[in-house]
Structures are given as structure tokens and as C-alpha cells.
Amino acid sequence: MANRTRRTVKSQDRIPKAVDRAMDKQLPSNGHIEPGISVRMGPVEKLDGDAPLTNGNNNGKRKSRGSFPNGKTYKDNSTSGEEDDIPLSKRRRTSQQTKKVQDSDSDMDDIPLAVRKPPKATAAQIGASSDSDTPLTERLVKEKESIEKAAEKTAQAIRAKEKAAGAKRKAKVESDSDDDVPLAKAKKPKVPIKKTANGVKKDDSDSDVPLKKKVTPKKTKVKAEPATPAKKAKGKAVKTEEDQAVEDEEEEYRWWEDPTKGDGTKKWNTLEHNGVVFPPPYEPLPKHVKLVYDGVPVTLHPDAEEVATFYGSMLHSTVNVENPTFNKNFFEDFTTYLDKTGHGKDKAGNTIKIKKFDKCDFKPIFEWFEAERAKKKALPAAEKKALKAEKDAAEAAYMFCMWDGRKQKVGNFRVEPPGLFRGRGEHPKTGRVKKRVAPEQVTLNIGKEAKAPEAPAGHRWKEIKHDQEGTWLAMWQENINGAYKYVMLAANSDIKGQSDYKKFEKARELKKHIDRIRKDYQKDLKSEKMADRQRATAIYLIDQFALRAGNEKGEDEADTVGCCSLKFQHVTLKQPNTVVFDFLGKDSIRFYDEVQVDLQVFKNLKIFKKPPKGEGDDIFDRLTTSALNKHLTSYMPGLTAKVFRTYNASWTMARLLKDMKAVGSDAEKVAAYNAANREVAVLCNHKRTVAASHAASMEKLNERINGIRYQVWRTKMMMIDIDPKIKKKKGAEFFERPEDLDEEWIKKHQEAVVEEERTKTQKKFEKQNEKLKADGEKEMPDKELKQRLQVANDLEKKYKKENKTGKVEAEGKGPTVDKLDTKIQTLEQRIKTMTVQAEDKEGNKEVALGTSKINYIDPRLTVVFSKKFNVPIEKFFSKTLREKFDWAIKSVDENWEF
DNA sequence: CGCTTTGATTCAGCGGCGGCTAC
DNA sequence: CGTAGCCGCCGCTGAATCAAAGC
């Protein structure tokens with residue numbers, strides 16, 4: 001399906017008045033308009049840009065996912081100030097609301113930096129970091145919790161930094177009106193590094209080369225220039241350590257607010273760590289386990305055998321093993337290993353040439369791995385524990401590093417093990433062999449004064465760097481895509497926390513500019529200049545629907561898109577103003593949404609899709625992500641498309657939490673919070689594949705509910721058994737059996753209940769006998785079992801009788817109508833709880849809440865909610881999340897606002 | 001390049017349940 | 001004999017880990 005052909009149909013530079021007018025009349029011949037007009041849509045009168053942001057979903061159920069493209073609508077109805085009466089779930093953002101929030105927040109946006117106290121190092125800490133004689137390992141192990149670190153610099157560094165960033169951006173070529181940059185200027189990189197769209201447009205006549213696909217050879221320029229001013233700034237403001245020691249005692253070091261950290265220039269002064277952990281070396285298969293080729297077991301060189309095990313150990317993974325690309329890529333790579341190491345030998349020592357994938361039988365290898373897996377699983381708990389302890393001890397030295405004298409957790413200190421590359425979606429390279437990484441490929445980044453860890457015996461590192469502008473500890477290049485892999489600190493480290501803080505502060509900063517930005521793009525939606533109009537339209541989509549920027553992608557990557565890279569076929573237009581998005585986004589996750597947009601946006605999209613454009617052509621052929629981001633940066637330093645996602649997500653969450661009423665139990669408050677979380681996740685299109693077990697577990701849950709409903713009915717019947725007059729008193733309706741619980745269902749249900757009772761009895765009997773046997777006592781006779789099974793039999797009989805007579809004998813001792821009434825209440829309550837649970841589960845089956853919680857929702861919102869509603873933060877943040885968001889938990893009171 | 005964002009996979013711990021024991 | 005309380009097992013959920021993909 002993937003249409004990878006890049007065509008060069010390009011929009012005209014200017015939009016002729018005639019075209020504009022024609023579009024106003026909505027000539028059906030243009031731009032792939034679907035005729036179907038939704039009946040529920042009223043006339044749209046407004047063009048003021050306050051289309052809803054969030055999903056006005058009904059009851060939290062999103063029906064528009066997958067193949068049910070309906071239910072989710074973005075009706076552009078009124079924005080009268082009556083929003084307070086609209087139920088939460090139906091609320092949409094309006095520009096008024098935005099404004100309100102902004103105004104009320106304006107006085108609390110930022111504490112002046114000057115007011116904040118810079119941290120200082122304590123004497124103890126100074127001692128620690130300068131103590132380079134003690135081995136790091138030893139110190140790390142003893143190290144309790146080191147204190148604040150030395151801080152330098154000031155807001156100047158930031159400003160210098162931002163200037164630098166500005167210079168970098170300037171380096172990009174882009175002028176919206178410039179169609180004629182000579183092709184020659186667009187140099188191709190020698191190495192296939194990541195492409196950077198630079199906005200150079202190609203000639204109209206050249207229809208084989210994609211419009212946006214130029215790469216700027218900018219590397220050197222970008223790095224060298226900006227570094228200078230930044231460096232200067234940082235050099236001058238270093239505090240003395242004494243100063244710091246003094247201040248430290250006064251108040252806790254609010255490291256996340258320290259502008260010197262994580263701001264682009266020097267990230268650390270001293271850095272000590274122990275390097276990385278390599279995966280264990282390959283252990284050849286035992287002699288009796290071999291790849292079978294054409295019926296013959298073959299002995300492979302260990303290197304080739306290892307590759308064979310990569311495949312052999314994943315035979316259960318049908319998504320891979322049944323994917324032709326995967327198999328083709330794997331076998332191609334496997335063959336090169338075989339060619340290099342010599343092909344296999346049979347028992348007699350004859351060479352067996354492995355030529356056909358279809359003749360390879362990896363089953364024996366698979367089974368061996370399965371057996372090993374099972375063996376490991378069956379290990380006694382104590383042994384498992386010992387094994388784990390051993391591993392932990394071996395890795396302890398790598399788990400932490402010393403960063404400016406503070407002990408910090410390292411994130412991914414394990415070098416990625418070799419295997420088969422999977423990739424996501426239809427990745428062209430799926431199945432390729434991901435090679436084992438040797439120390440010779442690994443570059444370390446570490447303090448100059450620190451003692452670099454030794455490479456494993458017999459090896460050396462590729463390089464030892466002292467790059468204080470990098471936050472990584474180690475790095476290597478991976479062989480599939482040539483991407484760089486970095487070892488960095490864990491999410492709860494100072495450096496990550498600070499960068500997190502800055503991210504959300506940046507999003508909050510956007511509040512101050514959003515009105516102007518929206519006003520501008522509303523205006524530019526009508527610009528005569530095609531480039532401007534496309535840009536405005538793109539920003540509209542990013543702002544309203546939380547699309548990603550959408551960089552161009554290469555032929556050797558999965559074919560996914562974002563806003564700027566949307567293609568003709570990804571957007572369908574339905575009169576008068578409905579837009580249907582259907583494309584694969586990041587990670588090949590489907591983005592499907594049917595929305596209503598401003599008429600001008602609708603019209604623009606129509607123009608952008610105008611013939612001769614067709615399948616495969618860019619909708620935004622005059623726009624690149626860099627041009628877009630460059631434009632955004634002019635509003636606010638550091639503003640890019642991505643910031644809108646953070647802003648919109650947090651803003652949405654803030655609005656939902658703000659309007660929430662503090663009622664009910666903790667559980668109810670948590671449920672309400674989760675519902676808001678879910679709305680944000682839906683906004684960001686964070687999906688997960690429905691678990692294989694979902695349908696079954698749903699079925700089970702529903703059956704349990706029905707079982708209880710059946711009990712309710714039976715209990716009602718018991719009332720009649722006790723007091724026949726009750727039927728009149730309560731009305732016949734009360735005693736009617738729910739329709740869906742028909743006779744067929746009841747029969748089945750009864751059988752299942754009886755059967756369950758039987759197996760339970762049987763199991764218990766067997767277990768007891770086993771025990772008796774083990775104790776050397778006499779086992780119980782089968783007669784005993786029979787007797788016990790009588791309970792089940794009686795139950796069966798009772799049901800039969802009930803079915804026949806239509807009556808239910810009252811159960812329990814001394815049953816009364818009152819007692820039964822109470823029982824029904826209890827049962828009804830359980831049904832209610834379970835029904836909510838079931839709905840929740842169903843609604844959540846394809847929504848991933850975690851991603852937005854971890855990356856998009858300002859954690860301070862959660863902290864405020866927790867404080868305001870008096871629900872422990874533990875109910876919202878797991879231990880790791882609490883650590884990651886330590887800065888947020890410590891920094892706000894319940895009056896803080898996003 | 002270097003960092004954040006992302007969903008899948010793997011792992012661990014929690015809660016429910018039945019059984020057993022002590023009273 | 002009935003019952004409260006504790007223990008161990010099991011299934012499941014949520015947390016941690018992992019590595020790819022995006023900007």
C-alpha cells in the first residue's frame with residue numbers, strides 16, 4: 001500500500017484569485033471531495049478559529065478508532081460563554097478560555113531568576129569530587145547521597161545559548177517565495193546521515209526528485225559558530241565553592257531551576273563513571289542441537305550459528321517469522337555470515353551449502369531455547385534470587401555515576417545485545433542482523449580528571465572523550481541504520497529533571513504567545529502566497545489536532561508521516577468542512593480522525609490537493625518542518641511544533657482537573673483523574689495494540705457480571721417462594737428475568753457452574769491425596785471423592801428442578817424477604833462496580849495512558865490535584881515516576897497553575 | 001548528533017482465594 | 001464445631017526495561 005513514489009507536483013507560488021474564488025464555490029471537481037455530507041452537521045458560520053481541540057467524546061468512548069470511522073466529531077457549534085454548564089466530557093477549548101487562563105496566570109509565570117539562590121557545594125562534597133584517589137566503584141558503593149554541586153553561571157549563559165541557537169537556525173536555507181534555488185546548491189551528504197530537510201526547493205521541471213529532499217551540509221558550521229558566545233558566558237560566572245557551601249545550608253538546592261544545568265553549553269564539570277556492561281559472549285549450542293538443512297543436521301561456525309539462534313529462538317513470534325521481508329533480510333544476512341565463515345558441515349564433515357531459506361529448519365534450535373527457558377523458569381525461588389543477586393552485584397558499579405560530585409543513576413548502561421532488527425511497522429530493514437557491539441566501537445565520555453574505566457580484557461575503547469557539552473556517558477554506532485546509541489542518565493537524574501522542567505516551562509511560555517500565533521495563522525490562511533498559506537494551515541492542524549511536525553523520511557525507513565509530510569491520500573475532504581485524517585504516524589501508529597475545521601482551512605486543503613496532484617504527492621509541498629519551526633521560533637525562542645503538543649496536552653489536563661469537583665472517595669477521584677489522563681492520551685493519539693487476551697478477559701468479566709445478574713433474579717424468585725404475595729406488591733416487572741439471560745444462556749451457565757464445582761472438588765481431592773501419600777499415610781478411596789462430588793450433583797439437580805418448575809427454593813438459613821432484599825442490594829452494587837470496571841477496561845483497551853503521563857502532562861498539575869483533593873501522590877505516580885518528578889513534587893503548592 | 005518520545009516486552013508484586021491452624 | 005487469622009498459590013495488572021523512531 002505504501003506509496004513510496006515521491007512526486008514533484010508542486011503548487012503554484014501564488015494563489016490566483018480565480019482559484020480562491022472557485023474554491024469558495026466549492027467546485028466539486030477539485031481536490032478529492034467526498035460527496036457524503038453528514039446530516040448532523042449544521043451550517044457552519046464561524047470562521048474564527050476556535051475549533052475544538054479536544055475530543056468531544058461521548059462517555060469517554062472513542063469510536064472513531066480502527067475501522068469505525070464515526071462517532072468522533074468536532075462540531076463547531078457555539079462558543080457562547082456558557083461553558084460552565086456543559087459537561088466536562090463535552091467541553092471544548094475556545095479561544096476565550098485560552099485567554100482567560102492566560103490572563104489569570106500572567107502573574108505567576110516565572111519567579112525571577114535573581115530571587116533564586118544559587119546552590120553551593122558543601123565541604124563534604126568538594127572533598128568527594130576531588131577525591132580521585134579512591135576508586136569510583138568504591139566510592140559509589142559507599143556514597144550515601146552527595147550534596148549539591150557547584151554551580152556556575154547565570155542567565156547570561158542562557159541568553160548566549162539562545163543566541164547560539166538562533167544562529168544555528170539561521171543556517172537553514174528557506175525562503176517561502178524562493179522557488180528557484182539552483183539544484184546545485186543542495187548538496188548530498190556522502191554518508192547517509194539523517195536527512196535534514198532544509199527547504200531548498202527543486203525545479204518544477206525535475207519530476208523525479210522529491211521536493212523536500214535536500215540535505216544541508218551544515219554540521220561544521222552549526223557547531224562551531226554558536227559555541228563561541230556561549231562559552232564566554234559560561235566562563236565568567238563560576239561561583240566559589242565556599243559561597244555554595246554557605247548557601248546550601250540555608251535551603252535545599254532546587255537543582256531543576258538551576259539555569260546553569262542542561263541549558264546547552266557545559267553540562268558538567270566533573271564526571272566519573274564505570275563505563276558500560278557488555279552482553280555475555282555467545283555460548284555455542286550443545287552438540288546435539290543443530291540447524292537442519294534439507295533434512296541434514298549441520299554444524300556451523302559459531303558466528304553463523306549465533307545468527308541462526310537469533311532466528312531460531314523466535315519461531316513463536318509469528319509476526320516476524322511470517323513476514324517475507326523479515327525472512328528475506330534475515331536470510332540475506334545469514335548467508336553473508338555463512339559465506340564468510342564457511343558453510344555448515346554434516347556429520348561426515350562434508351560441506352553443506354545453505355542456499356535456500358525454505359530448506360532451513362530451525363525447530364531444533366527453537367525447542368532447545370524453549371527448554372532452557374522452561375528450565376530457568378522452573379528454578380527454585382531461592383536459586384532465582386541468588387542468580388539475581390549475583391547479577392545485581394556485578395552491575396552495581398555501573399548503575400551510578402558521579403556527576404559534578406552528585407551520585408546519579410545511569411539509565412541504559414547495558415550495551416544492546418545482538419539480535420535481529422525488528423523495527424516498527426513495515427520497516428524495509430526488518431530481519432537484518434543487528435551485530436554485537438565490540439568495545440572498539442564504543443566511545444566513552446568522561447571527566448578529564450576521572451580515571452576512565454578499563455576496556456574488557458584484550459580490548460580497548462574506540463575513544464575517550466571529555467565532551468562537557470554532552471550529557472552522554474558512552475556512545476556507539478549501530479549497524480542497521482547507522483544510528484548512534486547513547487548511554488545516558490536515568491529519568492530521575494538532575495540533568496533529565498532539569499530538562500523536563502525546562503520543557504514544561506517552555507510550554508507554559510507558549511501561553512503568552514498563543515493568541516498572537518493563532519491570530520496570525522488565521523490571517524495567513526488567506527495569504528496569497530502559497531508557502532504562507534500552507535504554513536498557516538499546517539500550524540492550524542498542529543495546534544488544533546496535536547499532529548507531529550512530520551519530517552521527510554527516507555526510502556529505507558518505514559513509511560510514516562506527520563503534518564508537513566502528509567500526502568494526498570492521507571486527507572479526505574467532505575463537504576462542507578469535514579476532514580478525515582487517515583495515516584500512519586510515528587511508530588506506524590494509525591492516526592484516524594474525522595474532524596471539522598474552519599471553512600478557510602477546508603478550502604485551503606482543497607487547493608493543496610488540487611490536480612494535478614494525486615496519490616503520493618505532498619499536501620504541503622511548499623513547506624518543510626524546518627521552515628515551519630523557523631517561523632515558530634520567531635514568536636518565541638525555542639518554539640517548535642513539538643511544543644504545541646506539550647502545551648495542548650498540559651493545557652487540556654489543566655482544564656479538566658480544574659473543573660473537577662472534589663467529591664467521593666479516593667478511588668473515585670483517581671478514576672476522574674484517569675479519565676482526564678485518557679482524554680489527553682486520545683488527543684495525542686497514544687495507542688496500544690489491543691492485548692491478545694483482551695477479548696477473552698472481557699468475556700470472562702461479562703460472564704461474571706451476568707452470573708451475578710442471574711443470582712439477582714434467582715434471589716427475587718426466592719422471595720416469591722417465601723411470600724407469594726410479594727409478586728403483586730413489587731409488581732411483576734420486578735421479577736422478570738433479564739431478556740439476554742435466556743434459557744439457552746442459563747443452561748450453559750448452570751453447566752459451567754456445576755462443572756467448576758466438580759473440578760474444584762476433584763482437584764482438592766487429588767491434592768489432599770498427594771499430601772497423604774507424601775506423609776506416608778493412606779490415600780482416601782474413590783468412594784470419598786464420589787461422596788464429595790455429590791455437592792455438585794445436588795446443585796445440578798437443583799438447577800434442573802428450577803428450570804422445570806420455574807420456581808426457586810429459598811436458600812440460606814432463616815431466609816426472609818428482608819434478608820433477600822439486602823442480598824439483592826449487595827449484588828446490585830457489585831454489578832455496578834464491575835460494569836464500570838468493564839466499561840473502563842473496554843474504553844482503555846487501545847489507549848496508552850503512560851506516554852502522556854510521562855512526557856506530556858506537566859507533573860505539577862498532578863501534584864496540585866493531589867494536594868487540592870487530598871489524595872496521596874502515590875495514587876498517581878509510581879515510585880519511579882515520583883523519583884522522575886521529584887522536582888515537581890517539591891516545587892509547587894496547591895495554588896500553582898499551568 | 002544528541003536528546004525526547006514511543007509502544008512492546010518482560011518482570012515483579014499485588015490482591016483474591018482457598019486451605020490450614022489455632023483458639 | 002465454628003471462626004478468625006495467616007500463608008501460599010495463581011492470575012493479572014501495572015511497573016520496569018528495552019530499543020526504535022521522532023525531532
Side-chain angles (χ1 to χ4, degrees), chain A residues 168 191 193-197 218-220 222-223 262 264 267 317 319 373 377 381 384-385 388 411-417 419 421-425 427 429-430 434 445 467 469-472 475 477-478 480-491 495-496 499-500 502-503 548-554 557-558 560-565 584-589 625-626 628-629 640-643 645-646 649 681 684-689 691-693 696-697 700-701 760 763-764 767-768 771 841 844 846-856 877-884:
Chain A
K168 183 170 176 174
V191 204
I193 359 167
K194 268 232 162 119
K195 69 287 135 184
T196 307
K218 60 175 184 178
K219 180 71 236 189
T220 40
V222 166
K223 251 217 156 124
K267 306 298 198 315
S317 174
V319 279
R373 216 171 292 174
K377 210 172 150 193
K384 271 193 217 166
K385 223 172 146 186
K388 173 134 190 341
N412 53 329
F413 55 85
R414 279 179 276 258
V415 171
E416 292 172 15
F421 176 78
R422 202 340 182 159
R424 295 166 194 173
H427 201 294
K429 293 187 175 177
T430 188
K434 180 166 128 173
N445 193 32
D467 178 6
E469 294 181 17
T471 66
W472 51 277
M475 177 259 266
Q477 202 171 7
E478 150 268 340
I480 305 283
N481 301 299
Y484 293 88
K485 299 283 193 166
Y486 294 85
V487 172
M488 291 187 190
L489 296 198
I495 191 72
K496 295 283 187 189
S499 131
D500 220 23
K502 282 175 51 195
K503 173 180 77 184
R548 293 188 184 83
N551 274 312
E552 279 297 324
K553 294 195 72 187
E557 299 174 273
T560 63
V561 300
C563 184
C564 296
S565 47
L584 298 184
K586 182 178 180 179
D587 290 345
S588 293
I589 298 295
T625 53
S626 50
L628 178 87
N629 283 334
T640 61
K642 159 174 139 67
V643 180
R645 265 168 83 79
T646 315
C684 295
N685 200 43
H686 291 145
K687 293 203 252 189
R688 56 177 178 173
T689 55
S693 59
S697 102
K700 212 168 140 186
L701 190 52
K760 223 166 76 183
K763 252 192 173 158
K764 184 174 167 185
K767 221 174 147 189
Q768 286 183 340
K771 185 154 187 249
K841 194 170 176 164
N844 255 349
E846 56 178 14
V847 183
L849 296 186
T851 307
S852 50
K853 201 187 239 187
I854 292 168
N855 298 298
Y856 285 105
F877 290 155
S878 66
K879 181 167 148 288
T880 19
L881 238 36
R882 288 197 300 279
E883 284 170 9
K884 171 179 158 91

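Just the heavy atoms: all of them, side chains too, but no hydrogens, waters or symmetry mates, feed the values below. This is a predicted model, so every value here is computed, not measured. Residue numbers start from 1 in every chain, and the chains themselves are labelled A, B, ... in the order their sequence lines are given, proteins ahead of strands.
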For B:dG2 and A:Tyr484 - does any side-chain N or O of the residue sit under 4.0 Å from the phosphate oxygens OP1/OP2? no
Rounded to the nearest angstrom, tell me the gap between atom NZ in A:Lys553 and atom C1' in C:dA20. 10 Å
Any A:Tyr486 side-chain nitrogen or oxygen under 4.0 Å from OP1 or OP2 of B:dC3: no
Heavy atoms under 4.0 Å, any strand shown: does A:Gly470 hit a base, just sugar-phosphate, or nothing? sugar-phosphate
Among residues at least two apart in sequence or on other chains, which ones pass ring pair (Phe, Tyr, Trp, His ring centres under 6.0 Å) with A:Tyr856? A:His686
Please find the pair of heavy atoms, one from A:Thr430 and one from A:Arg422, that lie closest to each other, and give the distance. OG1-O, 3.0 Å
Applying a 3.5 Å limit to both distances, which nucleotide forms a Watson-Crick or G-U wobble pair with B:dG2? C:dC23
For A:Thr640, which contact category applies under a 4.0 Å heavy-atom criterion: base, sugar-phosphate, or nothing? nothing
Check: A:Asn412 side chain, A:Tyr486 main-chain N or O, donor-acceptor pair, under 3.5 Å: yes
Would you kindly compare A:Leu881 and A:Ser588 by the position of their nearest DNA chain C nucleotide and give the one closer to the 5′ end? A:Leu881
Quick one: side-chain contact (heavy atoms from CB on, under 4.5 Å) partners of A:Lys429, sequence neighbours excluded? A:Phe421, A:His427, A:Arg432, A:Ile480, A:Asn481, A:Asp556
Mind checking side-chain contact (heavy atoms from CB on, under 4.5 Å) for A:Lys841 and listing every partner two or more places apart, or none if nothing turns up? A:His694, A:Ser697, A:Met698, A:Leu701
Rounded interatomic separation in angstrom, taking CE from A:Met475 and C1' from B:dC1: 8 Å
Answer with base, sugar-phosphate or nothing: what part of the nucleic acid does A:Arg422 contact at a heavy-atom distance below 4.0 Å? nothing
Would you kindly give the CG-to-P distance between A:Asn481 and C:dA21, to the nearest whole Å? 7 Å
Collect all protein-nucleotide pairs involving nucleotides 10-15 of chain C in which both atoms are nitrogen or oxygen and the distance is under 3.5 Å.
unit_1 : atom_1 : unit_2   : atom_2 : d
C:dC12 : OP1    : A:Lys700 : NZ     : 3.1
C:dT13 : OP1    : A:Lys841 : NZ     : 3.1

For nucleotides 4-11 of chain B, print each protein N/O atom paired with a nucleotide N/O atom at under 3.5 Å, atom names and distance only.
unit_1 : atom_1 : unit_2   : atom_2 : d
B:dT4  : OP1    : A:Ser499 : OG     : 2.6
B:dT4  : OP2    : A:Lys496 : NZ     : 2.4
B:dT4  : O3'    : A:Lys642 : NZ     : 3.1
B:dT5  : OP1    : A:Lys503 : NZ     : 3.4
B:dT5  : OP1    : A:Lys642 : NZ     : 2.8
B:dT5  : OP2    : A:Lys503 : NZ     : 2.7
B:dT5  : OP2    : A:Asn855 : OD1    : 3.2
B:dT5  : O3'    : A:Tyr856 : OH     : 3.3
B:dT5  : O2     : A:Lys586 : NZ     : 2.8
B:dT6  : OP1    : A:Arg548 : NE     : 3.2
B:dT6  : OP1    : A:Arg548 : NH2    : 2.5
B:dT6  : OP1    : A:Arg645 : NH2    : 2.8
B:dT6  : OP1    : A:Tyr856 : OH     : 3.2
B:dT6  : OP2    : A:His686 : NE2    : 3.0
B:dT6  : OP2    : A:Tyr856 : OH     : 3.0
B:dT6  : O2     : A:Arg424 : NH1    : 3.3
B:dG7  : OP1    : A:Lys687 : N      : 3.0
B:dG7  : OP1    : A:Lys687 : O      : 3.4
B:dG7  : OP2    : A:Thr851 : OG1    : 2.7
B:dG7  : O5'    : A:Lys687 : O      : 3.3
B:dA8  : OP1    : A:Thr689 : N      : 3.4
B:dA8  : OP1    : A:Thr689 : OG1    : 3.0
B:dA8  : OP2    : A:Thr689 : N      : 3.2

Considering only C:dA19, C:dC18, B:dC3, which nucleotide approaches the side chain of A:Trp472 most closely? B:dC3
Nearest-angstrom distance from the residue atom CG of A:Asn412 to P of C:dT17: 11 Å
Who are the side-chain contact (heavy atoms from CB on, under 4.5 Å) partners of A:Leu881, not counting sequence neighbours? A:Lys853, A:Ile854, A:Phe877, A:Ser878, A:Lys884, A:Phe885
Distance (rounded to the nearest 0.5 Å) between A:Met475 CE and A:Lys485 NZ: 13.5 Å
To the nearest angstrom, how far is A:Lys384 atom NZ from B:dA12 atom C1'? 11 Å
side-chain contact (heavy atoms from CB on, under 4.5 Å) partners of A:Leu849, counting only residues at least two apart: A:Asn677, A:Arg678, A:Ala681, A:Asn844, A:Val847
Partners of A:Arg424 by salt bridge (Lys or Arg N to Asp or Glu O under 4.0 Å), sequence neighbours excluded? A:Asp587
May I ask you to verify if any side-chain N or O of A:Lys429 is less than 4.0 angstrom from the OP1 or OP2 atom of C:dA20? no
With sequence neighbours excluded, residues passing side chain to side chain donor-acceptor pair (under 3.5 Å) with A:Thr689: none
Rounded to whole Å, CD of A:Glu883 lies from P of C:dT17 at a distance of 10 Å
Any base atoms under 4.0 Å from A:Lys434, or only sugar-phosphate, or nothing? Heavy atoms, all strands. sugar-phosphate
A:Asn551 atom CG is separated from B:dC1 atom P, nearest whole Å, by 18 Å
Quick check on DNA chain C: between A:Thr560 and A:Pro417, whose nearest nucleotide comes earlier from the 5' end? A:Pro417
